[in-house]
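Everything on this sheet refers to the single structure shown next.
Worth knowing before you read on, the calculation uses all heavy atoms, side chains too, and leaves out hydrogens, waters and symmetry mates.
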Amino acid sequence: MEANEIRLEAQDLNGQAVALIKAKKLEEAREKLDKAIEIDPMLMDSYKNYGDLYMAFDEYENAKNSYKKAMLIEKQPVLHFLYGNACFMNDEPHEGLEQYNMAISEGYDSEEMMFFMGMAYEYLHDDKLALRYFQKACIKNPSRPDYAVKKINTEIKLGMMDEAMKDTEGLIRTSPELYDGYHIKTRLLLQMGKNDEAVSSAKYASEKFPEDPELMYDYAQAVAFSGKTDEAIILIESAKKIKYFSEAESRFTLLEGQIYAEKGDFDEAIGCMEKCIEMEADGGFNAEARFMRMNINLVQLKYSEVLDNANALAEHNAEDSYYYAALYYRAFSTKQLGNVEKANKLYNETNSILRTATLQKPEAIDLYLYRAMCLKDLEEYDKALDMLDFISNLNDGIAEIYVVRAEIYNIQGKSELADEQLRTAYRIKPQLKPAGENSGE
C-alpha cells in the first residue's frame with residue numbers, strides 16, 4: 001500500500017474512532033485507534049484521539065502521555081489546551097495553567113480554554129484571576145449561561161454584589177427559561193439584606209417554575225428570613241406535594257429545623273436534624289445538619305450529644321468551617337464533661353491544626369477566633385488577648401471578639417472591662433444580648 005493510501009486509511013480509522021467516542025463506544029474506539037497506530041505510527045491524530053479516549057475513561061495520566069506523544073509528532077497549540085485539561089482533571093492545576101499559557105503563546109485563544117483557566121484559578125482559591133478568565137470566556141461567547149453563572153458566583157465570593165446583581169439581571173434576560181438566574185437573584189438579595197425584595201423575586205420564580213423544588217426552597221427561605229416563620233412552614237408543607245420534592249427534601253427539612261430552632265422549639269428542630277442525618281445514605285454526609293444539632297445541644301447544655309456530633313464532624317475531616325468549629329467544641333464539651341486532661345490535649349491539638357490552617361488561609365478570621373478560644377480555655381489568657389487584639393486589627397466589627405474578651409476579663413476579676421466589652425458586642429450584634437438584659441447604655 002502506498003504511503004498516501006496508508007495515511008488516508010489511518011485518518012479514516014481515526015474518524016471512525018472519534019464517532020465511536022462520541023457514541024460512548026469506548027472499547028470499539030480503542031480498537032480503531034490501535035489499528036490506525038499499527039499501520040501509520042506517525043499520524044498525530046491517533047495519539048490526540050487516544051488522549052480524548054483516555055479522558056472519557058477518566059484515565060488522566062494516560063491522557064497526558066498520549067497528548068505528549070501527539071505534540072512530539074506535530075506542534076499544535078490545541079494540544080497544549082487538551083494536555084492542560086488532563087492536568088486539571090488530574091489535580092495538577094499549576095501544570096495545567098502552564099500548558100494553557102503555552103497554548104495562548106502559540107496563538108490558541110478559545111472561549112473554552114478561558115473558562116478552564118478560570119476553573120483552575122478557582123481551584124487554587126485565586127478568585128480575582130478566576131474572575132478575569134470567566135469574564136474573557138463570557139466576552140468570547142455571551143450566549144453560554146454556564147460561563148455567566150461562574151462569573152456571577154465569583155463576583156459574589158469577591159463581595160462585588162452590585163456587579164453580580166447586574167450580571168444576574170442580564171442572565172435572566174438572555175436565558176429566561178433557566179432557573180439559575182432566579183435562584184442567584186434571590187440569594188443575592190438575601191445576602192444584601194433586602195428580604196422583602198427577595199420574597200417577591202422568589203415568589204415570581206416559584207410561580208414561573210411551579211415544579212422546581214429548588215425555587216420553592218428559595219421562596220420558603222426568603223419568607224423565613226423576613227421573619228414570617230409560620231408562613232414559611234406552610235410553604236414547606238406545600239412543597240412536599242411538588243413532583244420532584246425528593247430531590248430537595250434534605251434542604252427543606254434542614255430549613256424547617258432552622259425555623260423551629262429560631263422559634264425555640266428545640267425538640268422539633270432536633271427531629272428535623274435527625275431526619276436529615278437519616279437521609280445521608282442518598283446525599284452523603286450532612287455536615288450542616290450535624291453542626292446545627294451540635295449548636296442546639298450547646299444551648300441545652302447536653303454536652304454528651306455535643307461531643308457525639310463534634311466527633312462525627314471531626315472524623316469526616318472536610319476541612320471546612322464545620323470541621324474547624326467541631327474541633328473546638330470537641331475539646332470544649334470534653335472539658336464540660338469533666339475530663340480536663342483529655343480536653344487540654346484536644347485543645348492543644350486543635351490549636352496546632354488551626355495554626356497550620358491559618359498559615360494557608362491568613363484571611364480566615366473565624367479560625368483565629370477559635371485559636372483564641374482554645375487559648376482562653378487553656379488559661380493562657382495573655383496569649384488569647386494578644387490573638388483577639390490581632391483579630392480586632394483585621395476586623396473590629398465581629399461581636400464574638402468582644403464576648404471572648406469579656407469572658408477573660410471576668411475570669412481575671414476585671415468586671416468593668418468585661419461589661420464594656422459586652423456592651424460593644426451587643427451593639428454590633430443585638431441578638432447576642434440575653435432576653436430582658438439591659439445593655440447598660
Side-chain angles (χ1 to χ4, degrees), residues 14 17-18 20-22 24 26 29-30 33 44-158 160 167 171 180 184 284 317-320 357 360-361 363:
N14 268 272
V18 170
L20 288 166
I21 291 171
K22 289 179 180 177
K24 308 297 184 186
L26 303 182
R30 188 195 296 271
L33 291 173
M44 180 275 292
D45 294 16
S46 299
Y47 303 99
K48 178 265 180 192
N49 291 327
Y50 231 126
D52 294 346
L53 178 67
Y54 281 128
M55 290 292 284
F57 273 116
D58 298 334
E59 296 179 15
Y60 305 121
E61 196 63 42
N62 286 333
K64 287 170 60 180
N65 290 333
S66 291
Y67 292 136
K68 194 178 292 184
K69 288 177 183 177
M71 283 188 274
L72 290 173
I73 294 172
E74 188 175 332
K75 299 291 184 183
Q76 285 199 14
V78 68
L79 294 172
H80 289 296
F81 167 57
L82 296 172
Y83 189 101
N85 290 347
C87 293
F88 179 62
M89 296 303 294
N90 203 39
D91 290 330
E92 298 168 320
H94 290 289
E95 186 179 357
L97 285 167
E98 288 177 10
Q99 292 294 321
Y100 293 147
N101 282 311
M102 288 176 71
I104 291 172
S105 69
E106 293 180 15
Y108 188 80
D109 187 23
S110 75
E111 64 184 70
E112 191 177 7
M113 189 171 73
M114 296 299 107
F115 183 72
F116 270 92
M117 290 182 79
M119 294 278 284
Y121 281 116
E122 181 183 54
Y123 183 86
L124 294 170
H125 306 292
D126 191 335
D127 292 325
K128 289 183 179 179
L129 276 176
L131 178 59
R132 177 187 300 176
Y133 286 98
F134 289 143
Q135 286 173 328
K136 289 183 177 183
C138 288
I139 290 169
K140 286 181 174 296
N141 190 347
S143 65
R144 285 284 297 266
D146 52 332
Y147 294 176
V149 168
K150 270 294 183 184
K151 178 188 175 187
I152 293 165
N153 283 328
T154 306
E155 287 170 337
I156 293 171
K157 283 195 281 186
L158 290 168
M160 302 166 62
D167 288 335
L171 177 62
D180 302 74
I184 294 171
N317 193 7
E319 294 189 12
D320 55 11
Q360 298 171 345
K361 304 175 183 177
E363 74 287 352

Might you point out which heavy atoms bring [X] and [Y] nearest each other, and give the distance in Å?
| X | Y | result |
| --- | --- | --- |
| Gly51 | Tyr67 | C-OH, 3.2 Å |
| Asn14 | Ser46 | ND2-OG, 2.9 Å |
| Asn49 | Ile21 | O-CD1, 3.8 Å |
| Leu53 | Leu26 | CD1-O, 3.6 Å |
| Met113 | Asp109 | CE-CA, 4.5 Å |
| Ala17 | Ala29 | O-CB, 3.6 Å |

[atom1]/[X] to [atom2]/[Y] distance, rounded to the nearest 0.5 angstrom?
| X | Y | atom1 | atom2 | result |
| --- | --- | --- | --- | --- |
| Leu97 | Leu124 | CG | CG | 6.0 Å |
| Ile156 | Met160 | CD1 | CE | 11.0 Å |
| Leu171 | Asp146 | CG | CG | 10.0 Å |
| Leu82 | Phe116 | CG | CZ | 9.5 Å |
| Thr154 | Asp127 | OG1 | CG | 6.0 Å |
| Ser66 | Lys68 | OG | NZ | 11.0 Å |

Could you walk me through whether Asp58 and Met89 pass side chain to side chain contact (heavy atoms under 4.5 Å, CB included), step by step? CA-CA 8 Å; Asp58 298 334; Met89 296 303 294; 5.9 Å; no
Hey, are the side chains of [X] and [Y] touching, using non-hydrogen atoms and a 4.5 Å cut-off?
| X | Y | result |
| --- | --- | --- |
| Gln135 | Cys138 | no |
| Tyr100 | Asn85 | yes |
| Asp45 | Val18 | no |
| Met117 | Asn101 | yes |
| Asp180 | Pro145 | no |
| Glu92 | Lys64 | yes |
| Tyr50 | Arg30 | yes |

Could you walk me through whether Tyr123 and Asp91 pass side chain to side chain contact (heavy atoms under 4.5 Å, CB included), step by step? CA-CA 9 Å; Tyr123 183 86; Asp91 290 330; 3.3 Å; yes
Hey, does the side chain of Asn141 reach the backbone of Glu111 with a donor-acceptor pair shorter than 3.5 angstrom?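 Side chain of Asn141 to backbone of Glu111, a donor-acceptor pair under 3.5 Å: no, none is there.
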When you measure from the side chain of Asn90 to the backbone N and O of Ala86, does any donor-acceptor pair fall under 3.5 Å?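 Side chain of Asn90 to backbone of Ala86: no pair is present.
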salt_bridge([X], [Y]) N-O dist < 4.0 Å:
| X | Y | answer |
| --- | --- | --- |
| Glu122 | Lys157 | yes |
| Lys140 | Glu112 | no |
| Lys48 | Asp52 | yes |
| Lys75 | Glu106 | no |

Give every residue pair that meets the ring-ring contact (aromatic ring centres under 6.0 Å, His included) criterion with at least one member in residues 75-99, sequence neighbours excluded.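 Sorted pair list: Phe81-Tyr108.
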Taking the six-membered ring for Trp, are Phe134 and Tyr147 closer than 6.0 Å centroid to centroid?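 No - the distance between ring centres of Phe134 and Tyr147 does not fall below the 6.0 Å cut-off.
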Kindly state whether the ring of Tyr121 and the ring of Tyr133 have centres lying under 6.0 angstrom apart.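 Yes, close enough.
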Is it true that atom CZ of Arg132 has more than 12 heavy atoms of other residues, nucleotides or ligands lying nearer than 6.0 Å?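 Atom CZ in Arg132 is not packed in, count stays at 12 or less.
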Verdict with reasoning, Ile104 to Met114, per side chain to side chain contact (heavy atoms under 4.5 Å, CB included): CA-CA 10 Å; Ile104 291 172; Met114 296 299 107; 3.8 Å; yes
